[in-house]
Each structure stands twice: as structure tokens, then as C-alpha cells.
Amino acid sequence: MKDFEKKITVKGKEYPVVFNLNVMEEIQNEYGTLEKWGDLTDGKDGEPNAKAVIFGFTHMIIEGIDIHNEEDGT
């Protein structure tokens with residue numbers, strides 16, 4: 001699986017955001033399956049579930065920071 005990586009900017013500071021197998025594992029542990037999490041976050045049945053969106057983005061940001069720290073030795 002190819003990692004999905006982007007950067008987001010918050011208050012002028014850039015953060016890496018990564019979706020990879022580690023993030024998928026965290027989502028599966030919390031929601032049972034990626035499909036269940038996807039159903040909560042896609043907004044097809046109204047508003048996306050904010051808790052599920054926050055959970056996913058939090059783990060994507062943590063993973064991005066972890067990868068960045070490993071690469072930079074920090």
C-alpha cells in the first residue's frame with residue numbers, strides 16, 4: 001500500500017498528515033472496520049461524525065509527525 005501524505009498549515013505552521021497501515025490499524029481498533037469509519041465520515045447521510053473525523057485526523061497527524069521525526073533524527 002502506498003502511503004498518502006499531504007501537509008496542512010495551521011496558524012502559519014506546516015504539519016505532515018499521513019494515511020498508512022499504522023493509521024488504518026488505529027481506525028480499525030476504534031471503529032471495527034475502515035468501512036464503518038468511512039460511513040461515519042463521508043457525510044452521505046447528513047453531517048459527518050465529528051468525533052470520527054477528529055479521531056482519523058489526529059492519528060494521521062501523529063503518524064506524519066512520527067515519520068518526520070524518524071527521518072530527521074529528532
Quick one, [X] and [Y] - any side-chain contact, counting heavy atoms below 4.5 Å?
X: Asn22; Y: Glu26; result: no
X: Val18; Y: Glu5; result: yes
X: Met24; Y: Phe19; result: yes
X: Glu14; Y: Ile8; result: no

When rounded to the nearest 0.5 angstrom, what distance separates [atom1] in [X] from [atom2] in [Y]?
X: Ile65; Y: Asp72; atom1: CD1; atom2: CG; answer: 12.0 Å
X: Asp45; Y: Leu40; atom1: CG; atom2: CG; answer: 9.5 Å
X: Lys7; Y: His68; atom1: NZ; atom2: NE2; answer: 7.0 Å

Would you say [Y] ends up clustered with [X] if hydrophobic residues are merged whenever their side chains have heavy atoms under 4.5 Å apart, either directly or through other cluster members?
X: Ile27; Y: Ile61; value: yes
X: Ile67; Y: Phe4; value: no
X: Val10; Y: Ile54; value: no

On a heavy-atom basis, which atom in [X] and which in [Y] lie closest, and how many Å separate them?
X: Ala52; Y: Thr41; answer: CB-CG2, 3.7 Å
X: Glu63; Y: Asn20; answer: OE2-ND2, 3.0 Å
X: Val23; Y: His59; answer: CG2-O, 3.6 Å

*With no hydrogens and no angle check, is any side-chain donor or acceptor of Thr9 less than 3.5 Å from a backbone partner on Gly12?*
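Answer holds: no.
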
*Relative to the ring of Phe55, is the ring of Tyr31 parallel (under 30°), tilted (30 to 60°) or perpendicular (over 60°)?*
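Ring orientation of Tyr31 relative to Phe55: perpendicular.
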
